[in-house]
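Reading through the structure tokens given below for one structure.
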Amino acid sequence: QVQLVESGGGLVQAGGSLRLSCAASGRTFSSYGMGWFRQAPGKEREFVAAIRWSDPKTAYGDSVKGRFTISRDNAKNTVYLQMNSLKPEDTAVYYCAANIRGRAYSTSGLYDYWGQGTQVTVSS
């Protein structure tokens, strides 16, 4: 069983930055593929970013490319999402997810474990 706990959300002005963290329990964290998704009110869950377990290969949603960066620290069992140049349309609940196959999936249904989410609000 894996538990994921997100932190770092909050209120920020447009153009600002935030860094989200996702702390994972479990001895095999380094073998999981990790992803970030977000969901705004009335919208479907959207892929943000993902990272493989075995190498730094990453994937990003089109709406965040060039602004967001995903990274991981396996020694700390933590994955990060650095968000720069934030826009009001980035406002959403951000979820961390893990998959046991170690892949950087962009499809939410391929993830096995989910955190509770952290709210990010970007004011204009």
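If you chain together hydrophobic residues whose side chains sit under 4.5 Å apart, Tyr105 and Ile51 never meet in one group. In the hydrophobic clustering of ILVMFWY residues, with side-chain heavy atoms under 4.5 Å counting as a link, Leu20 and Tyr111 come out apart. At a threshold of 4.5 Å between side-chain heavy atoms, the hydrophobic network of Ile, Leu, Val, Met, Phe, Trp and Tyr places Leu4 and Trp36 in one connected group. Residues Tyr80 and Val93 do not share a hydrophobic cluster, defined by chaining ILVMFWY side chains whose heavy atoms lie under 4.5 Å apart. Following chains of ILVMFWY side-chain contacts shorter than 4.5 Å, one can reach Val120 starting from Met34, so the two form part of one hydrophobic cluster.
Taking both residues in full, the closest heavy atoms of Thr78 and Ala23 are given as OG1-CA, 4.2 Å, listed atom of the first, atom of the second, then distance. Pairing each heavy atom of Arg103 with each of Arg52, the nearest pair is NE-NH1, 4.0 Å. The shortest non-hydrogen separation linking Ala92 to Arg38 is CB-CB, 3.8 Å. A pairwise comparison of heavy atoms in Ile70 and Val79 identifies CG1-CG2, 3.9 Å as the closest pair. The heavy-atom pair separating Glu6 from Cys96 by the smallest distance is OE2-N, 2.8 Å. Nearest heavy atom pair, residue Gly33 against residue Arg72, reads CA-NH1, 4.4 Å.
Between the side chains of Ser63 and Glu46, at least one donor N or O sits under 3.5 Å from an acceptor N or O.
Atom CD of Gln39 sits about 8.5 Å away from atom CD of Glu44, to the nearest 0.5 Å. Atoms OG and CD, on Ser21 and Gln82 in that order, are 9.5 Å from each other to the nearest 0.5 Å.
Here the rule is side chain to side chain contact (heavy atoms under 4.5 Å, CB included) with Thr121, and of Val12, Thr91, Leu86 only Thr91 fits it.
By the 30° and 60° cut-offs, the orientation of the rings of Trp114 relative to Tyr95 is perpendicular. Using the six-membered ring where Trp is involved, Tyr94 and Phe68 have ring planes that are tilted, between 30° and 60° apart.
The environment of CD in Gln116 is sparse: at most 12 heavy-atom neighbours from other residues, nucleotides or ligands sit within 6.0 Å. Remark: Glu89 CD is packed, more than 12 non-hydrogen atoms of other residues, nucleotides or ligands lying under 6.0 Å away.
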Using the rule given for side chain to side chain contact (heavy atoms under 4.5 Å, CB included), can you reason through Arg67 versus Tyr60, listing the C-alpha separation, both sets of side-chain angles and the distance that settles it, and then say yes or no? CA-CA 10 Å; Arg67 300 188 298 123; Tyr60 294 93; over 6 Å; no
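Between Lys87 and Asp90 there is no salt bridge, since no side-chain nitrogen of the basic residue lies less than 4.0 Å from a carboxylate oxygen of the acidic one.
Looking at Leu110 and Asn99, their side chains never come closer than 4.5 Å, going by heavy atoms from C-beta outward.
Listed for the Ser106 side chain is no donor-acceptor partner under 3.5 Å among the backbone atoms of Phe47.
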